[in-house]
Each structure stands twice: as C-alpha cells, then as structure tokens.
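Shown next, in structure tokens, is the structure this report addresses.
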Amino acid sequence: MFKHYSPKQKVKTVIDIIFYLIFAYMVISVVINKDFTISGIAFLIIGIVCLVFGIRNEILKQKYNKALFTLNYCCNPDKAEEQYNELVEKDIFNIYRDDRALFDIMIELERGNPKKVLKIIEDDDKKFSANVELLLIKFYYQMRAHLMLGNTKAINEIYNDVKNIAAMKKRPKIFSYDELEGIHQLALNNKGRALDCFKKINTIHMNPKEKKFILENLIALSSGQDKEDYQAEYDTLLQVIEDENK
C-alpha cells in the first residue's frame, strides 16, 4: 500500500489509520453496549459517515499517489493517465479533479507534445497564477515546452519573470533555479554556460523523470570521460525505470 507514498505521507497515513481504528472501536462500542439513546444514535450515525468518507478518501489518495508514481518513477504517461482517469471517475467530490491540469501538463510533456502543454496552461491560466508557487510551476513548464518548440523569444520573456521570483527573500524551492537557468542558456544556444548550470544541479532528491531530463542534457552538452560517465548513469537510471515497470 505504501510503495507509492513519500516518507512524510507514510507517517501521516499511519496516523490517519490509527485514528480510524480508534473511531471504529468507539462506534462498535456504542452497538455492543446498546447505547441507543439520542446522543448514542447521533454518534453512531456521525461515526459511520465519517468512517465511510475517511476510508474512501484514503482509497482515492492511494490511487492518486499510484498515478504519480507511474508517471514520475515508471515514466509511463499513458498508464498514468489511465490511472488518473479512474481516480477522477471515483472522485465524486472533485477533490483531485482540480489538479487535473497540472497532471495533464506533465503527461503531455512526457509525451513530447509541447503545444498541448502550452494550451492547457493557457486554458487554466487563472489557476496557475493563484500564488507564487503555481506561478513558478507555470513558468517551468512553459520554458520546457518553448524549448522543445525552439521559441527563444518566449523563453527570454518568461525567464525575466523567473528572475523576479528567484530574487525573492522566501522564494519557492519547487524547482532548481540552476535548471531554469540551464534551460534559458540552452534556448540562447550558450551550450557551455548551459552545461555549467546543469552540472550544479543536485539530483539526489529528484525522481527518475526529473533526473532523466537533467542527464539527457548533460550527455548532450558534455564530451569525453564526463559524457561517458553521464551515459553510464543514464543507462543505470533507465534500468531502474524498466524494473519499476515490471
């Protein structure tokens, strides 16, 4: 069950399960003790409703994390989309439907469809401009998409906004700013500076999908022994991804 969870999510889920078990025990106690007073019946009804919705929420959460795992660790956008579609169908309260745009952006980028990425962002621009974190996410995926399309002018304009965020005292740490600068330098065809930027990126906490993009650029930009080392690391990563898909 916990394979697709981060360490923090695992701890929270265990705490939630303990809470549900305690609550279930209290509900069962009402039935066993035949406490069918008005307060007892009210607690019983509220308890059952809370348990049903709580358990349903945990099931949906597990499906959501599974779809993310399939995308980020198995690098399988088609299967991830199927899993997310299944999640949305069961999400009667639209808890995860609001995250659909971001998920679709990641899906289409992995599929190599930059125009679709830009269209999704344009259609849901209000949401992606709601706060500075979402704004940075918007800029990142716009830059990635425009890089694939060779739109240097667009990347220049977006990167000016990125620099404003990077200069903030409490700037978001969603993405590596070295990566954003590397993308910018690639667009300008400054391959040496782009390589320096990508070399600075710490990939230790990145998922395979994120690390794959960094290594692909390091391989393309480097030469000699460095290129061979990056290629070996990339081949190892591909094997890890293949193993996850088994």
Does a side-chain N-to-carboxylate-O contact under 4.0 Å join Glu82 and Lys79? no
The ring pair (Phe, Tyr, Trp, His ring centres under 6.0 Å) partners of Tyr177 (sequence neighbours excluded) come to none
Any luck finding a side-chain donor-acceptor pair between Gln239 and Asp235 under 3.5 Å? no
Mind checking the CD1-CG spacing from Ile183 to Asn217? Nearest 0.5 Å is all I need. 7.5 Å
State whether Lys199 and Asp226 are salt-bridged, where the test is any N-O pair (Lys NZ or Arg NE/NH1/NH2 against Asp/Glu carboxylate O) under 4.0 Å. yes
Those residues at least two apart in sequence (or on a different chain) that pass side-chain hydrogen bond (donor to acceptor under 3.5 Å, both in side chains) with Asp78 are Arg111
Hey, does Leu180 have a side-chain heavy atom less than 4.5 Å from the side chain of Tyr140? yes
With heavy-atom distances below 4.5 Å as the criterion, would you say the side chains of Val162 and Met143 are in contact? yes
Mind checking whether Leu68 and Phe103 have side chains closer than 4.5 Å, heavy atoms only? yes
Lys191 atom NZ: more than 12 heavy-atom contacts under 6.0 Å: no
Are Leu238 and Leu71 linked, directly or through other ILVMFWY residues, by side chains that come within less than 4.5 angstrom of each other? yes
Given Asp124 and Lys127, is the salt bridge (Lys or Arg N to Asp or Glu O under 4.0 Å) satisfied, shown in steps? CA-CA 6 Å; Asp124 214 355; Lys127 175 182 175 62; 5.9 Å; no
Can you check side-chain contact (heavy atoms from CB on, under 4.5 Å) on Phe128 and Tyr141, steps first, answer last? CA-CA 11 Å; Phe128 285 107; Tyr141 285 107; over 6 Å; no
Is there a path of hydrophobic side-chain contacts, each under 4.5 Å between heavy atoms of I, L, V, M, F, W or Y residues, that connects Ile121 with Ile155? yes
Check: Gln185/Glu181 side-chain N/O donor and acceptor closer than 3.5 Å: yes
Can you confirm whether Leu186 sits close enough to Leu221 that some side-chain heavy atom of one is under 4.5 Å from a side-chain heavy atom of the other? yes
Please determine whether a side-chain nitrogen of the Lys or Arg among Asp91 and Lys63 lies less than 4.0 Å from a carboxylate oxygen of the Asp or Glu. no
Under 3.5 Å side-chain donor-acceptor pair for Arg100 and Asn94: no
State whether a side-chain donor-acceptor pair under 3.5 Å links Asp229 with Gln225. yes
Among Glu81, Gln83, Glu244, whose side-chain hydrogen bond (donor to acceptor under 3.5 Å, both in side chains) with Thr70 holds? Gln83
At what distance, to the nearest 0.5 angstrom, does OH of Tyr159 lie from CG of Leu188? 10.0 Å
Do Phe139 and Ile137 sit in one hydrophobic cluster, given that two such residues count as connected whenever their side-chain heavy atoms are within less than 4.5 Å of each other, even indirectly? yes
Would you name the heavy atoms of Ile120 and Ala101 that are closest together and state the gap between them? CG2-O, 3.7 Å
Heavy atoms, side chains only, cut-off 4.5 Å: are Leu218 and Tyr234 in contact? no
Is Lys115 salt-bridged to Glu108, going by a charged N under 4.0 Å from an acidic O? no
I want to check something: taking the side chain as every heavy atom from C-beta on, are Glu179 and Phe213 in contact at a cut-off of under 4.5 Å? yes
Could you tell me whether the side chain of Leu109 reaches within less than 4.5 Å of the side chain of Pro114, counting heavy atoms only? no
Is the closest side-chain heavy-atom distance between Arg144 and Val117 below 4.5 Å? no
Looking at SG of Cys75 and NZ of Lys212, how far apart are the two atoms once the value is rounded to the nearest 0.5 Å? 6.0 Å
Could you tell me whether Asp196 and Lys200 have a side-chain N and a carboxylate O separated by less than 4.0 Å? no
Kindly compute the distance separating CD1 (Ile214) from CD1 (Ile219), expressed to the nearest 0.5 Å. 11.5 Å
Are Leu149 and Ile105 linked, directly or through other ILVMFWY residues, by side chains that come within less than 4.5 angstrom of each other? no
Are His184 and Asn190 linked by a side-chain donor-acceptor pair shorter than 3.5 Å? no
Answer with yes or no whether the hydrophobic clustering places Ile55 together with Ile18; edges join I, L, V, M, F, W, Y residues whose side-chain heavy atoms lie under 4.5 Å apart. no
